[in-house]
Amino acid sequence: TLYRVLNKRRCTILEDNMVDGTDLLSIVALIPQNESLGLHPELLNVSSGRVSSPELEVSHWEVLDEDPFWIPNSLEEREDFGELVNSGDCSTGRNNVALR
């Protein structure tokens with residue numbers, strides 16, 4: 001579902017409403033910039049093409065309250081967060097292995 005995609009990309013959903021007179025769902029959420037890359041094709045794939053183009057705009061910036069080099073190790077963490085292919089900085093998507 002759409003919510004699974006958004007949660008996987010660390011979204012904070014602020015509101016979701018049906019648009020009056022249509023069968024459209026409007027979702028307002030906060031998503032880290034790096035996580036927004038490739039969002040549209042994934043939403044199209046999950047919804048079988050029924051999602052219109054997401055409208056993204058910069059809202060604000062803030063320091064992430066997490067370790068950018070964290071990688072899920074236990075089976076439970078892998079089930080909750082999936083396999084992370086990228087071992088670099090989750091805020092920039094760059095591979096910062098040299099900093100370890």
Side-chain angles (χ1 to χ4, degrees):
T1 66
L2 300 177
Y3 293 101
R4 188 174 333 144
V5 172
L6 296 175
N7 287 331
K8 180 179 84 172
R9 291 175 173 263
R10 300 181 298 147
C11 279
T12 302
I13 297 174
L14 302 177
E15 63 182 67
D16 56 346
N17 301 312
M18 293 298 294
V19 177
D20 292 336
T22 68
D23 61 348
L24 298 176
L25 176 65
S26 172
I27 300 173
V28 177
L30 298 176
I31 181 172
Q33 186 273 332
N34 185 50
E35 298 291 343
S36 68
L37 302 175
L39 177 63
H40 183 233
E42 188 172 0
L43 289 175
L44 280 174
N45 186 29
V46 167
S47 68
S48 302
R50 296 181 59 200
V51 168
S52 62
S53 293
E55 296 177 20
L56 303 174
E57 67 180 52
V58 176
S59 161
H60 65 284
W61 71 270
E62 64 184 58
V63 176
L64 296 176
D65 186 28
E66 62 186 50
D67 178 7
F69 299 107
W70 179 81
I71 298 173
N73 292 318
S74 70
L75 180 59
E76 182 178 338
E77 289 173 345
R78 288 185 183 138
E79 288 175 354
D80 290 343
F81 300 104
E83 292 288 336
L84 296 182
V85 192
N86 160 346
S87 63
D89 184 349
C90 68
S91 63
T92 63
R94 297 178 194 256
N95 191 356
N96 293 333
V97 177
L99 298 176
R100 290 186 181 179

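All values reported here derive from a predicted model rather than from experimental measurement.
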Shared-cluster residues of Trp61, by chain and number - hydrophobic side chains joined below 4.5 Å: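 Listed partners: Val63.
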
Val28: hydrophobic cluster co-members (side-chain, 4.5 Å):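 Besides Val28, the cluster holds Leu14, Leu30.
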
Any salt bridge (Lys or Arg N to Asp or Glu O under 4.0 Å) involving [range]? Give me the pairs, sequence neighbours left out, ordered by first then second residue.
{"range": "residues 43-62", "result": "none"}
{"range": "residues 24-33", "result": "none"}
{"range": "residues 13-23", "result": "none"}

Steps toward side chain to side chain contact (heavy atoms under 4.5 Å, CB included) verdict (Leu25, Asn17): CA-CA 6 Å; Leu25 176 65; Asn17 301 312; 5.8 Å; no

Sequence-distant partners of Leu24, side-chain contact (heavy atoms from CB on, under 4.5 Å), two or more places apart: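 Once residues adjacent in sequence are excluded, the partners of Leu24 under the side-chain contact (heavy atoms from CB on, under 4.5 Å) criterion are Val19, Thr22.
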
Sequence-distant partners of Val58, side-chain contact (heavy atoms from CB on, under 4.5 Å), two or more places apart: none

Evaluation steps, side chain to side chain contact (heavy atoms under 4.5 Å, CB included), between Val5 and Asn7: CA-CA 6 Å; Val5 172; Asn7 287 331; over 6 Å; no

Shortest non-hydrogen separation from Pro32 to Arg10 and the atoms involved: CD-O, 3.5 Å

Distance-only donor-acceptor hits, side chain of residues 37-44, under 3.5 Å, sequence neighbours excluded:
residue, atom, partner, partner atom, Å
Glu42, OE1, Arg9, NE, 2.9
Glu42, OE1, Arg9, NH2, 2.7
Glu42, OE2, Lys8, NZ, 2.6

Between OG on residue Ser36 and CG on residue Leu56, distance to nearest 0.5 Å: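 Reported value, rounded in 0.5 Å steps: 5.5 Å.
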
